[in-house]
Amino acid sequence: MIIAGVDEVGRGCLAGPVVAAAVILDKPIKSLNDSKKLSKKKREKLFSEIMNNSLSVGVGIKWNDHIDSCNIKIATEDAMIEAINALNIKPDKVLIDGFSLNIDTINEGIIKGDQKFESIMAASIIAKVTRDELMRSFHYIYPEYDFKSNSGYGTKKHLIALEKYSYTRIHRKTFKPISTIIKNEQNN
């Protein structure tokens with residue numbers, strides 16, 4: 001049976017996309033874990049190992065405008081479906097961190113699946129490294145927001161930059177405090 005693991009990164013960010021990955025492992029990979037429990041250096045090392053030792057890897061990316069047009073839950077589901085569809089091998093079953101999807105392939109949502117199943121751990125790492133790289137590239141366009149360090153999450157430095165400079169084209173306009181900033185700017 002061919003099993004794909006799926007996970008996402010970036011649901012709670014104020015800026016940038018939500019990124020999902022789907023991974024079909026070829027063989028076990030040592031030291032796999034939930035991406036949040038690994039150092040940046042370890043994630044990047046494992047990223048290469050996963051890419052080189054998987055039957056297939058798919059990535060789905062839904063940007064802030066898509067998130068704003070529907071909502072983060074639907075955008076996350078869309079990114080996961082895109083990642084599954086990007087696999088060059090059709091899995092028999094999909095294991096998803098969190099919740100199941102309304103797709104034709106048999107799938108199961110598993111709470112804390114990124115701590116239980118290697119294929120979901122691998123997907124977690126692929127999604128995290130991919131998203132971090134995207135956000136690091138935006139740091140050079142918008143250095144005042146410190147995207148290379150916070151990846152779009154609402155850190156103190158990021159929130160101060162929002163207060164001082166307002167929002168950018170990659171910020172999620174339906175998320176607070178950006179929605180509040182927009183409302184205040186429209187009222188002035």
Can you check whether [X] reaches [Y] side chain to side chain, under 4.5 Å on heavy atoms?
X: Ile84; Y: Val94; answer: yes
X: Ile50; Y: Val23; answer: yes
X: Phe117; Y: Met121; answer: no
X: His158; Y: Thr155; answer: yes
X: Pro177; Y: Leu14; answer: yes
X: Ile89; Y: Ile2; answer: yes
X: Thr130; Y: Val9; answer: no
X: Ile29; Y: Leu46; answer: yes

Output yes when a side-chain donor or acceptor of [X] lies under 3.5 Å from a complementary backbone atom of [Y], and no otherwise.
X: Asn187; Y: Glu185; result: no
X: Arg131; Y: Val19; result: no
X: Ser119; Y: Ile24; result: no
X: Glu8; Y: Met80; result: no
X: Ser56; Y: Asn88; result: yes
X: Asp7; Y: Asp97; result: no
X: Arg172; Y: Gly16; result: yes

Task: Pair Ile72-Lys62, side chain to side chain contact (heavy atoms under 4.5 Å, CB included): steps then yes or no - done: CA-CA 9 Å; Ile72 190 61; Lys62 294 301 174 189; over 6 Å; no
Distance, nearest 0.5 Å, that separates [atom1] of [X] from [atom2] of [Y]:
X: Glu118; Y: Ser31; atom1: CD; atom2: OG; answer: 10.0 Å
X: Lys30; Y: Glu49; atom1: NZ; atom2: CD; answer: 10.0 Å
X: Glu77; Y: Ile103; atom1: CD; atom2: CD1; answer: 10.5 Å
X: Ile181; Y: Lys176; atom1: CD1; atom2: NZ; answer: 12.0 Å
X: Phe175; Y: Asn64; atom1: CZ; atom2: CG; answer: 9.5 Å
X: Ile125; Y: Ile120; atom1: CD1; atom2: CD1; answer: 12.5 Å

Measure across [X] and [Y] and return the closest heavy-atom pair with its distance rounded to 0.1 Å.
X: Ala83; Y: Ala20; answer: CB-O, 3.7 Å
X: Leu25; Y: Ala122; answer: CD2-CB, 4.0 Å
X: Asn53; Y: Lys27; answer: OD1-CE, 3.1 Å
X: Ser151; Y: Cys13; answer: O-SG, 3.7 Å
X: Asp68; Y: Lys173; answer: OD2-N, 2.8 Å
X: Met135; Y: Ala15; answer: CE-O, 3.9 Å

Are the charged groups of [X] and [Y] less than 4.0 angstrom apart, N to O?
X: Lys128; Y: Asp132; answer: yes
X: Asp114; Y: Lys36; answer: yes
X: Arg136; Y: Glu44; answer: yes
X: Glu108; Y: Lys93; answer: yes

Open item on the list: Run Glu144 and Lys164 through salt bridge (Lys or Arg N to Asp or Glu O under 4.0 Å) and show every step you take.
Closed with: CA-CA 10 Å; Glu144 55 275 3; Lys164 187 173 181 181; over 6 Å; no
Should the heavy atoms of other residues, nucleotides or ligands under 6.0 Å from [atom1] of [X] be counted, would the total exceed 12?
X: Asp104; atom1: CG; result: no
X: Lys116; atom1: NZ; result: yes
X: Asn102; atom1: CG; result: no
X: Lys45; atom1: NZ; result: no

Do we see a donor-acceptor contact under 3.5 Å between the side chains of [X] and [Y]?
X: Asp26; Y: Ser54; answer: no
X: Asp78; Y: His66; answer: yes
X: Thr168; Y: His171; answer: yes

Task: Full working for side chain to side chain contact (heavy atoms under 4.5 Å, CB included) between Glu133 and Phe47 - done: CA-CA 12 Å; Glu133 270 308 303; Phe47 178 93; over 6 Å; no
Going only through I, L, V, M, F, W and Y residues with side-chain contacts under 4.5 Å, is there a path from [X] to [Y]?
X: Leu55; Y: Met51; answer: no
X: Tyr153; Y: Ile61; answer: no
X: Tyr165; Y: Leu159; answer: yes
X: Tyr167; Y: Tyr142; answer: yes
X: Leu32; Y: Ile126; answer: yes

Task: Ring geometry between Tyr145 and Phe147 (parallel below 30°, tilted from 30 to 60°, perpendicular above 60°) - done: parallel
Task: Ile96 vs Ile110, side chain to side chain contact (heavy atoms under 4.5 Å, CB included): CA-CA, chis, key distance, verdict - done: CA-CA 6 Å; Ile96 305 160; Ile110 301 162; over 6 Å; no
TODO: Decide yes or no on side chain to side chain contact (heavy atoms under 4.5 Å, CB included) for Ile67 and Val18, but give the supporting numbers first.
DONE: CA-CA 8 Å; Ile67 294 165; Val18 63; 4.2 Å; yes
